Amino acid sequence: MTATTAHTATEPMATLAAPGGQGTVGDYVVLLKPRVMYLVVFTAVAGLFAAPGEMHPWFGFVTILCIALGGGASGALNMWYDADIDALMTRTAKRPVPAGSILPGEALGFGLALAVASVLMLGLLVSIPAALLLAFTIFFYVVIYTMGLKRRTAQNIVIGGAAGAFPPMISWCAVTGTIDPGAIALFMLIFMWTPPHFWALALYREVDYGNAGVPMLPNVAGRDATKNQILIYTLLLIPAAAGPVFTGTAGWLYAAGAAILTTRFLYDAVCIWKAPTREAENRASRSLFRFSILWLFALFALILAEKLIGLPPIGGLL
């Protein structure tokens, strides 16, 4: 890494070449991080249905829309701030801001406008407590994670993962006005899933993160330490997966599916841990990364399916 590269990797918003910000609608959609938004929206919908109580469909729609807009705002502000390091990584170099199709100021204004609109709309139309939680989520992701943790500590994913875990808690709060053990159980599903999911990506993208100067665990602590942490957090994922059952949020369908899927998750983590060569590690890491996305969607889909079918929960122990 050259001295110039090291500087751009640690200083936010380096000067970027841009043709004048001729962004298309598609470019602005990319700013919202649509792949992440799918997960945000889906887990929020599951939280909305899983929460005890009733909500008018219109207010449910507004709740999910506001959570989606808030998630999009977080993505746009993240891309604004991280444009310098995005330009250094193969995976992110074609994003609109480093590519020059959207100017940094345009991304900043777009993100701030969405953030304010989503919080105000949720607070005025649905629930002030849920709106406050949404505002905190955006602040946490942009300020605490993106600006504070991402470039400074290898624990960025562990702490910053909380931001991605809030959506089902926000929708739950919109229905009930409170945060209780059921909401916390849904939060913990995503929170404990985040480290092994992203560390698997970091293993086979180690060079990319190294070039950008982002202190991901493989670049700071080494690959063996990362493999150990993936296995440890996967083991911690087992009680997290059981959480919705113990809080009376999920039933037997979820319990059976979670047991099967988490066993497969653990198998992939062990394959990474036992991999004898870097090539084998990268192959196993790709497998875990891809399966982990299916794992999370499937568990929330099972919760949602039980509510839609009308299957009763097993009965809470908490």
Side-chain angles (χ1 to χ4, degrees), residues 31-34 36-78 80-81 107-149 159-191 194 243-244 247-250 300 303-304 307-308 313 316 318:
L31 272 187
L32 302 177
K33 291 192 174 181
V36 177
M37 188 182 288
Y38 297 150
L39 179 61
V40 167
V41 169
F42 188 70
T43 58
V45 169
L48 194 75
F49 278 86
E54 299 292 334
M55 174 176 274
H56 190 281
W58 165 250
F59 293 116
F61 170 77
V62 172
T63 297
I64 299 304
L65 175 62
C66 291
I67 293 173
L69 291 176
S74 299
L77 293 171
N78 171 270
W80 158 72
Y81 191 83
L108 173 61
F110 182 61
L112 289 175
L114 286 181
V116 172
S118 63
V119 172
L120 286 179
M121 186 161 59
L122 186 59
L124 292 173
L125 297 180
V126 182
S127 166
I128 291 178
L132 292 174
L133 188 56
L134 176 60
F136 176 74
T137 301
I138 297 170
F139 172 83
F140 192 97
Y141 183 76
V142 176
V143 178
I144 296 179
Y145 168 67
T146 301
M147 297 181 179
L149 298 172
I159 304 169
F166 280 120
M169 186 180 284
I170 297 170
S171 59
W172 184 294
C173 182
V175 176
T176 66
T178 62
I179 298 172
D180 55 34
I184 295 172
L186 299 183
F187 172 92
M188 291 302 296
L189 274 179
I190 305 174
F191 183 71
T194 303
T247 57
T249 305
F300 276 90
I303 292 172
L304 183 59
K307 300 303 176 181
L308 293 175
L318 296 179

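Computed from a predicted structure; not experimentally measured.
Rounding to the nearest 0.5 Å places OH of Tyr141 at 11.5 Å from CE of Met147. Considering CD1 of Ile67 and CE of Met37, their distance stands at 11.5 Å, rounded to 0.5 Å. Rounded to the nearest 0.5 Å, atoms CZ (Phe59) and CD (Glu54) are 14.0 Å apart. Ile303 contributes atom CD1, which lies 12.0 Å from atom CG of Leu308 (distance to the nearest 0.5 angstrom). In this structure, the separation between CG on Asn78 and OG1 on Thr146 is 4.0 Å, given to the nearest 0.5 Å. Atom CD1 of Ile64 and atom OG of Ser171 lie 5.0 Å apart (nearest 0.5 Å).
Between Ile170 and Leu122 there is a side-chain heavy-atom pair separated by less than 4.5 Å. Side-chain contact between Leu65 and Met121 is present, with heavy atoms from C-beta onward closer than 4.5 Å. Counting only heavy atoms from C-beta outward, the side chains of Leu32 and Phe110 approach each other to under 4.5 Å. In this structure, the side chains of Trp80 and Leu31 stay at 4.5 Å or more apart for every pair of heavy atoms.
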Requested in this report: Apply side chain to side chain contact (heavy atoms under 4.5 Å, CB included) to Val143 and Ile138, showing your working.
Outcome: CA-CA 8 Å; Val143 178; Ile138 297 170; over 6 Å; no
Requested in this report: Would you check, one step at a time, whether the test side chain to side chain contact (heavy atoms under 4.5 Å, CB included) holds for Val45 with Leu304?
Outcome: CA-CA 8 Å; Val45 169; Leu304 183 59; 4.3 Å; yes
Requested in this report: Applying side chain to side chain contact (heavy atoms under 4.5 Å, CB included), run through Leu189 and Phe300 and close with a yes or a no.
Outcome: CA-CA 9 Å; Leu189 274 179; Phe300 276 90; 3.9 Å; yes
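Pairing each heavy atom of Ala73 with each of Leu114, the nearest pair is CB-CB, 3.7 Å. Of all heavy-atom pairs spanning Ala130 and Cys173, the tightest one is N-SG, 3.8 Å. What you find for Met55 and Val126 is that their closest heavy atoms are CE-CG1, 3.8 Å.
Applying the side-chain hydrogen bond (donor to acceptor under 3.5 Å, both in side chains) test to residues at least two apart or on different chains, none of the pairs has a partner in residues 55-74. For residues 118-139, no pair satisfies side-chain hydrogen bond (donor to acceptor under 3.5 Å, both in side chains), with sequence neighbours left out.
In this structure a side-chain-to-backbone donor-acceptor pair under 3.5 Å is missing from Lys307 to Ala250.
With sequence neighbours excluded, the residues forming a ring pair (Phe, Tyr, Trp, His ring centres under 6.0 Å) with Phe136 are Phe140, Phe166, listed by chain and number. Val36 meets the side chain to side chain contact (heavy atoms under 4.5 Å, CB included) test with Lys33, Val40; sequence neighbours excluded.
The local environment of CD1 in Ile128 is sparse, with at most 12 non-hydrogen atoms from other residues, nucleotides or ligands closer than 6.0 Å.
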Could you go through residues 46-53 and list every donor-acceptor pair under 3.5 Å that involves a side-chain atom there, pairing it with any protein atom two or more places apart or in another chain?
none

Please tabulate, for side-chain N and O atoms in residues 177-187, each donor-acceptor pair with protein atoms closer than 3.5 Å (sequence neighbours left out).
unit_1	atom_1	unit_2	atom_2	d
Thr178	OG1	Thr176	OG1	3.3
Asp180	OD1	Trp172	NE1	3.2
Asp180	OD1	Gly182	N	3.2
Asp180	OD1	Ala183	N	3.4
Asp180	OD2	Trp172	NE1	3.4

